[in-house]
2 protein chains.
Amino acid sequence: MTTTALKARKEFGKTLASDIAHRLRNEIVTCQLKPNESLKFDALRLSFGASFTTLREALTLLVTEGLVVAEEQRGYKVAPVTLEDLDDLTHARILIEVDLLRRSIEKGDDEWEIRVISSLHRLARIEERAPEDYAGSAEWKAAHRQFHEALVSASGSPTLLAVRNSLFDRAERYRNLSAILRPRPRDKAGEHRALMQAAIGRNANQACDLIRSHIQTTSDNVAKYASGLISAG
Amino acid sequence: MTTTALKARKEFGKTLASDIAHRLRNEIVTCQLKPNESLKFDALRLSFGASFTTLREALTLLVTEGLVVAEEQRGYKVAPVTLEDLDDLTHARILIEVDLLRRSIEKGDDEWEIRVISSLHRLARIEERAPEDYAGSAEWKAAHRQFHEALVSASGSPTLLAVRNSLFDRAERYRNLSAILRPRPRDKAGEHRALMQAAIGRNANQACDLIRSHIQTTSDNVAKYASGLISAG
DNA sequence: ATGAGCAATATTTTCGAAAATAGTTATGGG
DNA sequence: CCCATAACTATTTTCGAAAATATTGCTCAT
């Protein structure tokens, strides 16, 4: 738990509650707040400088996103990480992401192509600039997220997109967890480029196969390298 | 808006907030609270007898379920109903429900078969007893919900099941809306029986086709009969 | 008449205190 | 010594007042 902040004002969202949710989400995904860590209101109040009520609203949000679990009358804690959960998550992600990608490829217009190409370009630049441990930087993570977001951004399905986004966060937490133990990050640059080419080339079947195995092998690697950190059940 | 209640105590959930959320959800799904109706705190406070904060938490939940929309700093309102939303919802439901059903059929054990058979039996009994307008009764709706829930209950995928449940609520709101105008409810008894038989018979492909067209034709009927009530965009 | 600027009102958003509940330690009887 | 029970502490949950923000209505100059 970071202990410095004492009183806080909005810096991101419209309402303070959504702002707190945003920051809390980030701390959980980056594992600054560790799995199973209990989230006590007093401590959070100190750390985020918001009142009980506002924190409660933020936590309620994160519960629906699966990053926090509530034990009624006994408080909140950071959601545990388990192999079952990782499998469940991976399955759901593949199902939804494949569908969204296929429809994006069908419907995507010029603007979509530009978003895909430019976000991949940005990602590649970051990787060139710091070939050592780029995957750890917040900058790379943001660019990585944006590339995958761009791919599915033309699907025209608000409902599934919202679900997709929260699943992406949950998955990123697992990736960050495995990064602690993994010797050297897998090189995903080639996969990303192939994905972009298949998408822009309107080769839906190929692109869907690529995204499926991209998600699956990432998950397999997490299970392989982070299994020591992941509780049994 | 029902205006009678003045002060309220828990009757369903663990915490008052989840209780309020449950009741609000029900009023929205049954269209007692109409689409686009603005949800003012003073009025809700009168109607549910809870404080600002508690209501806010409940509303936050319903926003993530897509039954309420928040315009930051300008309050909450019941989510609008549109043909685009109905299409989006229907697509998402088919994608997820088909996947869950297929896996339930693969994994389902004896207890699952019993749940499917008995919930269909209960549904059929309700339909026999009151063949007139059974679909309108709360009893039928609950049994109908339980049957469909039973079908997918062996999938072993908490994440997708949670999404499925909130999509079911959103869809039920559309069904209730169309029931206002529809002359006579479509007879779904046969479809439900066929669905049960395909599932229990472990005929996955057939069952998935059936659920797909069940969801799709229900949606088509809603669009047909309720289009007058559904705003253009 | 019309529209800009300002005051008054309505509504949402945030706060910290108070009530309710769970967890823990102390106490007494068997 | 051990278990049940009571008192106490820690923590969550709920409340209504206060601050922040948006909306409405009014005045006045053009």
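Below, chain A is the first sequence line, B the second, and so on; all start at residue 1. Keep in mind the model is a prediction, meaning the values are calculated, not measured.
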Using the side-chain heavy atoms of [X], tell me which of these nucleotides is nearest: [options].
X     : options                : value
B/S51 : C/dT11, D/dC15, D/dT13 : D/dC15
A/A17 : C/dT12, D/dC15, C/dT14 : C/dT14
A/R74 : C/dG23, D/dT23, D/dC15 : C/dG23
B/T53 : D/dT14, C/dC15, C/dT12 : C/dC15
B/T15 : D/dT13, C/dT12, D/dT11 : D/dT13

Can you check the [X] [atom1] to [N] [atom2] distance for me, whole Å?
X     : N      : atom1 : atom2 : answer
A/E57 : C/dT13 : CD    : P     : 8 Å
A/L46 : D/dT11 : CG    : P     : 13 Å
B/R45 : D/dT14 : CZ    : C1'   : 12 Å
A/L55 : D/dT13 : CG    : C1'   : 13 Å
A/D42 : D/dT12 : CG    : C1'   : 10 Å
A/K14 : D/dA22 : NZ    : P     : 10 Å
B/L39 : C/dA10 : CG    : P     : 20 Å
B/F41 : D/dT14 : CZ    : P     : 15 Å

_B/R56 side chain near C/dT12 phosphate (N/O to OP1/OP2, under 4.0 Å)_ = no
_Aromatic plane relationship, B/H192 with B/F147 - under 30° parallel, 30 to 60° tilted, over 60° perpendicular_ = perpendicular
*asked:* In terms of relative ring orientation, are A/W140 and A/H144 parallel, tilted or perpendicular, with 30° and 60° separating the classes?
replied: parallel
_We want to know whether B/S137 and B/E139 form a side-chain donor-acceptor pair, criterion being a heavy-atom distance below 3.5 angstrom._
no
*When you check the side-chain N and O atoms of A/R103 and A/S157, is any donor under 3.5 Å from an acceptor?*
yes
*Report which part of the nucleic acid A/F52 touches: base, sugar-phosphate, or nothing (heavy-atom distance under 4.0 Å, all strands).*
base
*asked:* Is there, by distance only and without an angle test, a donor paired with an acceptor across the side chain of B/T54 and the base of D/dC15 below 3.5 Å?
replied: no
*Candidates A/V68, A/L24, A/L39 - the one meeting side-chain contact (heavy atoms from CB on, under 4.5 Å) with A/V78*: A/L39
